[in-house]
Amino acid sequence: MQLTDQNSYTIQGIDPIQLINQYGSPLYVYDGGTIRRKVSELQHAFAGINMKIKYACKANTNLSILRLMREIGVELDVVSPGELEMGKIAGYTGTQITFTPSGVPFEEVRSAVESGAVVNVDSLPLLEWFGQTYGNTKPCLIRIKPNVAAGGNVKIMTAHADSKFGISVLLLDQILEVVKKYDIKIIGLHQHTGSDIKDAEPFLQVADIIFETAKHFPDLEIIDLGGGFKVSYLPGDTITDMDLLGTKISERFKVFCEEYGRELQLWFEPGKFLVSESGFLLVKTTVVKEDPARNFVHVDSGLNHLIRPMMYGSYHHILNLSNPAGAVKPYNVVGYICETDTFATDRELPEVKPGDILAFLNAGAYGLTMSSNYNARLRPAEILIDNGQATLVRRRETLEDLLLTQMDL
Ligand code: LLP
């Protein structure tokens, strides 16, 4: 989003307020140019090695975004039959899709294998089932839990000792026993440390653990180091230095490949890094309440559309698109849901009036995909702006959509 000389905001030259006039409020808007740029940044940082990007599509499963990713050479990481199906609709086939389940019914794994996807086995019971079912006929990856805590928020850490994800690296002997028993073809080791990880150090630490573990698996083709790169939330925020990370990891990866005796592929599966900054949730101010304690700005949205501030205490920068140059005042920006759904506390915003359009930044990842119909509210429409063209890529939900699964009509 750019502020023009005329003091109005635009996305690829398009006025977001016009989009609200045309498609209604609230509205998710994605800038395809940002997604393309983020993909190039990652490719550039790892240009010296054989690196593949597997987009963790739980961040945003809009089919147009999945198609865009496919067109620019990004493959897919999915966690459910639903995501897998969406990947296929978007044109992904076979091993372009990795299935990274978390304690799912084994039948889901079977259908993923049947569809040609590569599976990331995340528990010893699943490994045992996989061996019994497929022997050495279907290759798979193993998700290792390296027992490393990284990132600032324990709710989105996934590799510390207490985390439910993956098979603890301390169980390596048992893993090897099951692999040997069924002659399972392990083609990759995977780990995902968590989300919002800024420093290179934890990535290097887990990489070393995985490289060390890899020495016990002679048939590897892939090392998958997951996602979790931190993006910018606050103006001037420090983020993962991708070029530095690329240089450091690539160096170690090359040494590892030499020791291993073969050139492997390095996979990353970012979600946020690729789509967070591309997205904006545009909302309309309903009521401005000047309470003795606080100034409240109510908007026509809430935790049903963007739950990250309430769930993780996440900061989402807010712009007043209708009054960019107004005098700044502190506000609590709150939703219309009958719960405490505070988007921002004591936030300095240019004066807000009822009817003003606000934009929540960083809404491209874990925004609409984590939305709900709580309070029988409907989900917003989605717009993708790409090559200077705004396209409706999801229509707004209707009451009929909401009633569709109820039986007593
Ligand atoms: N790979 C695996 C196995 C994952 O579980 C995840 C995210 C990713 C990759 C992508 O992580 P990312 O690059 O997006 O950080 N809803 C939370 C984030 C939870 C992420 C869950 N797993 C949020 O809004 O902050």
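Keep in mind that what you see is a predicted model, and the values were worked out from it rather than measured. Both ligands and their constituent atoms are indexed starting at 1 by order of listing.
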Nearest protein heavy atom with distance in Å, relative to atom 11 (O) of ligand 1: H192 CE1, 3.4 Å

Within the 6.0 Å centroid threshold, strictly below: Y134 and Y182: no

Atom indices of ligand 1 within 4.0 angstrom of A56 heavy atoms, with elements: 8 (C), 9 (C), 10 (C)

Aromatic ring pairing F360/F343, orientation class (parallel under 30°, perpendicular over 60°, tilted between): tilted

Heavy-atom nearest neighbour in the protein, as seen from atom 9 (C) of ligand 1, with distance rounded to 0.1 Å: E269 O, 3.0 Å

From the candidates F273, Y366, F268, the one that places a heavy atom nearest atom 14 (O) of ligand 1: Y366

Residue-ligand contact M370/ligand 1, heavy atom below 4.0 Å: yes

Sub-4.0 Å atoms of ligand 1 with respect to non-hydrogen atoms of G271: 10 (C), 12 (P), 13 (O), 14 (O)

Closest protein heavy atom to atom 24 (O) of ligand 1, given as residue, atom name and distance to 0.1 Å: R308 NE, 2.5 Å

Options K54, Q191, K58, ranked by nearest heavy atom to atom 6 (C) of ligand 1, top entry: K58

Parallel, tilted or perpendicular, as decided by the 30° and 60° cut-offs, for the rings of F229 and F273: perpendicular

Shortest non-hydrogen separation from I239 to K230 and the atoms involved: CB-O, 3.4 Å

Sole residue of L321, L282, V297, L281 in side-chain contact (heavy atoms from CB on, under 4.5 Å) with L358: V297

Within the 6.0 Å centroid threshold, strictly below: F253 and F46: no

Sidechain N-carboxylate O distance under 4.0 Å for D224, K54: no

P270 neighbourhood, listing ligand 1 atoms whose heavy-atom distance to it stays under 4.0 Å: 13 (O)

Protein contact of atom 19 (C) of ligand 1 - nearest heavy atom, named by residue and atom, plus distance: I156 CG2, 3.9 Å

I97 to L84 - nearest heavy-atom pair and separation: CD1-O, 4.1 Å

Nearest-option assignment for atom 13 (O) of ligand 1, heavy atoms, candidates G166, G228, S314: G228

Nearest-contact summary for atom 17 (C) of ligand 1 - protein heavy atom, Å: Y312 OH, 3.1 Å

Exercise: identify the closest heavy-atom pair between K254 and I49: CE-CG2, 3.8 Å

Region of R143 that comes within reach of ligand 1 [heavy atoms, distance under 4.0 Å]: side chain

Which residue and heavy atom of the protein sit nearest atom 15 (O) of ligand 1, plus the separation: S195 OG, 2.3 Å

